[in-house]
Every structure is written in structure tokens, then in C-alpha cells.
Novice: 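Mind having a look at this structure? Questions to follow.
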Amino acid sequence: MKKMMELALGIVTSVGGFLEIGSITTAAQGGAIFGFKLVWAVLLGGLCVAFLVEQSGRLAAVSGHTIPDAIRERFGFNYYLFLLAVLALVTLLVLGSEIGGVCVALEMATGVRFQWWALAVALLMWLIIWKGTFSVVEYGTSILGLVTLCFVAGAVVLHPPWKQVAAGAVPTLPSHDRLRYWFIAVSILGASVSPYLMFFYSAGAVEDEWKEDYVAVNRFIAGTGMGFGTLISVAVLVVAALVFLPRGIQVDHYSQLGLILRDAFGAWGFWLVVASLFVACLGAAMEVTLELAYMVAQGFGWNWSENQPPKEEARFSLTYTAFIVLGALLVAVGIDPLRLTIFSMALTAATLPVAIVPFLFFMNDSDYVGEHTNSWFSNVVVVAIIGLAFVLAVVTIPLEIFGGG
Amino acid sequence: MASEQHDTARVYRGAARTGRGRARRVVTLFVLLSLSGACAQDPRKQTRQELQTLSSWAATLHLLGEAWLERSVPSRYAQQTLHEARQTLQEEAQTIRQSSSIPADARAALIGHAQQLDRLAGGLSEEVQTGDPTDTPQVLTQVAQEQQALADLARGVGAR
Amino acid sequence: MDLVRDCLDKQLVDRHGRRMGRVDGIVIEIGGDAQPRVASVEVGVVTQVSRLHPRLGRFAARLARRWGKAAGDPYRIPWSQITATGVNVTAGVEAEKTPAFAWEKWLRAKVVGRIPGA
């Protein structure tokens, strides 16, 4: 019974917590400019992240160790520090984007410019994390996050040509704007397969005290949760393709997102977008914040947990406080949230190899996962993802210069 | 013996250096080539890009105006988005004016459209501010005319 | 036991299971004709930095000596008090009373303790 409950909660968490500013904007841009052509990128991203999340959950359930733990132990202090530096930098930009997303939602609702909201949002996040427990952050935001299902409803209401949507699952080259096409494809992949998600998932499994008998539960949650989550991303792309593409609206500015559900729901549409953006980004911002602090605390062996009062873990709680301040500053100085998002998603894609290669080692290390080591099939998938990640890393930088502009 | 070892080491290091030098030259060449590719942009391509941006904002104005007319979006949001649109359109006009790769006649036409759209956005903005939608349908018709004109231009340069 | 695989970089917990850092270094004594002997494990920033580069480590050690707060860095725990139990390495000490917790205690007293709701 308890497990069924946890199963349900886990799926809700993955579904309600799936959308964030990165997946919303990259999918919306892809749909607005290239119609259903980029459905494959969303699906591929979802497939990769389901595999990686399942593995990080399995690692945590069997060994009681998170990914940063295992990286420090198996690859030593120097590699850990290198990875920390790279990931913390990129993840901080992601945090700025998420905080920016919350602020954009507030700007849409009130007409007050986004940067004025940065400090208020930071304070709200900090209070929730400071006073709340892990369950509050995880379940609270993801149950509210189910509002993002409105995109799925929107896509269904608009009666898309399902055959064409399905055809988008097979990659094809567009006749125009090829650079932009690849740039958005890379950003979509970066938005779905982000290391913070896998690291956070493994820390969550430890916080929720998963044990070895959770291996099956974990597999089911990772598969279904990420599967349904990916469907919401596809829905955003479909809605954008139906509402923006025929009119020729490219998503060049975040304020245009407010119109995306108008055709589907009229006056409700606007408020659904605002609510989705607010909840999804707030949830993601808190998860990213915690993940940054986990990554530091776990690598250095400090006491960490979102379930203890801050004074029991001064270093951990001050670390997340500092990251919230830095993330909010990125928004407060007025960096355009849309540009920051697109940039940080592409950069995330570029850093994937350093974060994923270690998987191959400890998922085959029986000291960690006991008898639950990777099957040959999972290993092939991880190798394929690493290959893809290397290609992404190599192409991202030139695309960053030429495709984004 | 010692000096021999020393020599070998130096030769080895020298070889490594040439190898690295060559790699660096290749990278530099690649960067230079791609940069020059970016600078010497195809004039039609840049015209097309500017046209896309203008059309995108024209369509945004139209959709936003419609949504505001039927009270689907709050006035504060409409106001803020119109402000954003005007700012972008003004910047766009400036970019087009300074662009050397767009032919002069196309430049003049594009700037004209950017300014006209900016004016229309200003008109919408005033109506949103006063809350009086009487003239809005008329402004929207003008926006639609602009959209049509931009689409015709786009067909001329072979976009989409 | 394989020192690098089973001890180095592992999570160090005190006798109550409280996380107190990681095994940043292992000290081995080599002297005279005696067999090399594992003397202690080290915890601390100075050890971490020396692993990046020995020269950086010497620099950090000088800084730590000059700055009273970090005087106990690196903190050495005698090998006799160490038990490596698979996932974690347990030290038979009281974490709160060791220099490994100097920073934690200082931050708790000076910063976190002063914020309401902590």
C-alpha cells in the first residue's frame, strides 16, 4: 500500500515537475518556426533522460549514494572539483533562467517588469527551502505543477493533424534556416537531458530513503513519469505549431508566450500560461537550487538534507542561500530571460559528456549497485547517449555563435 | 648517455610542438573561415531574416489586438507586450538602417514597414491605455495590410 | 583492504553516524627498516588543495597557519580509530568536537544561528 502511494506520488512528481522554462521555450520556439519537424528532438531527449534517471535512481536506491558521491569516490577529488566547477557554472545559469521564468509569469500577470520581481521570488524560494522539508518542495510544487497538463488539453482541443505530428518523430531537414533548426534541436535536447535533473533525482531517492527493494518502483516511476512529462513538452510544441506557425509568430520574446493558449481556451488560456509558467519555474528553481547545494555538500562530505533544520547543517544551508542570491542577481540586472534560457540550455548540452561518462563506470560496479548492474542493452544506450552528447558538445559552440542570432 | 637522452627528449618535445602548432593553425583557419562566412552574409538571407522578424511582430500585434478586443488578456499584459513590440521594432529599424548587406531599395522598404508597425503598435497602446476599443478593429485591419505587404516582399526574396 | 578504493574519498562519519567530511588523504609512515604503516587519515581543505597541486597545497598550508580559524587544517585521525565499513568510513570520534567541524560551528554561531527560523 505504502509503495503504491509512493508510486503514484513519484509519477505525479515526474509529470508535474517535468516542464520548466527551458522545455517550454525551446519546444515553443521549435513548434513556432519548424512546425512538427522537431518532435523527434523532444522524444529523443525524453528517452535519454528516462534511461539516465532510472540509472541514477537505481544507484541511489541500492547503494544509498548519489551521483556526486560516487563521482568523488570513484574518480577522486580533482575530477569531482572539475565537474563541480563546470556544472555549477552552467546550472547557475539554468537557475537564473528558472527564476527569470517565475518573474516573467509575474510580469505577465501584473505588468510590472520582470527584474523587479527577482528579489521577491528569491525570498519566496528561500523561505520555502529554509522552513520546508524535502516533501514540501518536491510534492508541493509538482502537484501544483499538474496545471501544466493544460498544454496537453490545449493540443487536443485544437485538433492537430495527428499524422503529421507522428511524422515529426522521424528527423527530417527543413528547407530553410538549417542552422537555426540544429540550434533549437540542441537546445531542446539540453533542456530535457540536464544533469541537474538526474543528480536531483538521485538525491531525492536518498532523501526519501529508498532501499534496494525500490529498484522496480524506480524503474516504473522513471519510465512512466518521464514518458508523460515528455508528452507535455510535445504538447507545447504542437500548440506552438498550430497557433504561432500559421501566423508567422516566432517566439522572439517571452511575452509572446502569453498568447499561446488563446486559441484553445480564450480568456482562460492566458491565466493557464501564467500559472503554468509560475509553478513550473518556481518548482524547477527550487530543485536546481537544492541540487547545486547537494552537489557541493555531497562532494565535500558535509552534512546535507533538506529535512533537517538549517542550523544542523550550516554549510549546506548557506550554500543554497548563496546560490539563490547569485541566481536572482542574474535576473535582477535585467538579462533577458529568454536569451538566458536558450543560452544555458545549449550550454547544458555541451557539458553533458563530463556528467554522463561516469555513469558507465558505477552502473557496472557491483560495489555500488550489487546485482543490479546495467544490462548490456542499458550500457549500449548509455554509450549511445555519450556519443550523442559528444556530438552535441562539439556542435554547440559554433551553433551558439551562428544559429542563435 | 645523459646528453643523448636529453636530445631525444628535446626532439620528441619539438615534434609534439609542431603537431600542436598544426592543429592550432587548422582551428584558426576554421574559425576565420566560419567568421568570414558569417560576416559576408548572403544579402537575400539577411533581408529574409529581417522580414521574418518584422512579420513575427506584425502577427503578434494582430493576435494581441484580437485577444485584447475579446478581453482574453488583461490590459496590463497587452500594454507591456506592446511596449516590448515597439522597442523591438525601433531597434529593428536601426539594425536595418545600419546593415550594409541589404540592398538600398529593400532597406528603405523594410524601414518603412518597421516604422509603420511601430506607429500602429503606438495606436493600439493608446487604446489599451484609455480602455476604448472603438478604433481597434480599424488598426487591426491596417496591421493585417502590413502583414500582407511583408508576405509579398518575402515572396520576392524567395522566403518559405 | 585496498586503501585507494575502499578508504580514500569515502564519506567519513563520526561514531554517531554524523557526516563529518570525506577522507581527503591517507598518511603512510615510512621509516627505517620497518614496514610502511598507515598512520592516519586527513580531512581538510589543505589536503584537498594539495591534491590539485603540491605547490598550491603548501601555499594553502601557509595561509591556514597564519589564519587562526583554520589552524587545525588538515585534521588527522589516527588509523586506530578508523573502521572502513563498505559504503562509509567510520571514525570513533565526536564530530562536533573535532577541527573538521570548525567551519560548521563557526557558521552556525555567527551566521545561521542569527537568522530567525533556523
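Sequence lines set the chain letters: A, B, ... in the order given, protein chains first and strands last, and positions in each chain run from 1.
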Novice: Can you check whether Phe265(A) reaches Ser72(B) side chain to side chain, under 4.5 Å on heavy atoms?
Specialist: no
Novice: Specify which of Glu66(B), Gln147(B), Arg71(B) makes the most heavy-atom pairs with chain A at under 4.5 Å.
Specialist: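 Looking at each option in turn, the highest pair count goes to Glu66(B).
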Novice: How many angstroms lie between atom CZ of Arg48(B) and atom CG of Asp177(A), to the nearest 0.5 angstrom?
Specialist: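 So the gap between those two atoms works out to 8.0 Å.
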Novice: Over all heavy atoms of both residues, which pair between Ser56(B) and Asp252(A) is shortest? Give the atoms and the distance, please.
Specialist: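 Heavy-atom minimum between the residues: OG-OD1, 2.9 Å.
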Novice: Could you tell me which of Ala267(A), Gly111(A), Ser175(A) has the largest number of non-hydrogen atom pairs under 4.5 Å with chain B?
Specialist: Ala267(A)
Novice: Tell me, for Trp268(A) versus chain B, whether the close heavy atoms (under 4.5 Å) come from the side chain, the backbone, both or neither.
Specialist: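 For Trp268(A), no heavy atom lies under 4.5 Å from chain B.
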Novice: Relative to chain A, which of Thr60(B), Thr53(B), Leu63(B) shows the most heavy atom pairs under 4.5 Å?
Specialist: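 Option with the top pair count is Leu63(B).
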Novice: When heavy-atom pairs shorter than 4.5 Å are enumerated against chain A, which of Glu70(B), His83(B), Gln79(B) gives the highest number?
Specialist: Glu70(B)
Novice: Using heavy-atom distances under 4.5 Å, tell me whether Arg262(A) contacts chain B through its side chain, its backbone, both, or neither.
Specialist: side chain
Novice: If you count heavy atoms of other groups shown closer than 6.0 angstrom to CZ of Arg339(A), is the number above 12?
Specialist: no
Novice: Of the non-hydrogen atoms in Gly258(A) and Tyr77(B), which two are nearest, and what is the gap between them?
Specialist: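 Answer, listing the atom of Gly258(A) first, then Tyr77(B): CA-OH, 3.4 Å.
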Novice: When you compare the side chain of Met108(A) with that of Gln80(B), does any pair of heavy atoms fall below 4.5 Å?
Specialist: no
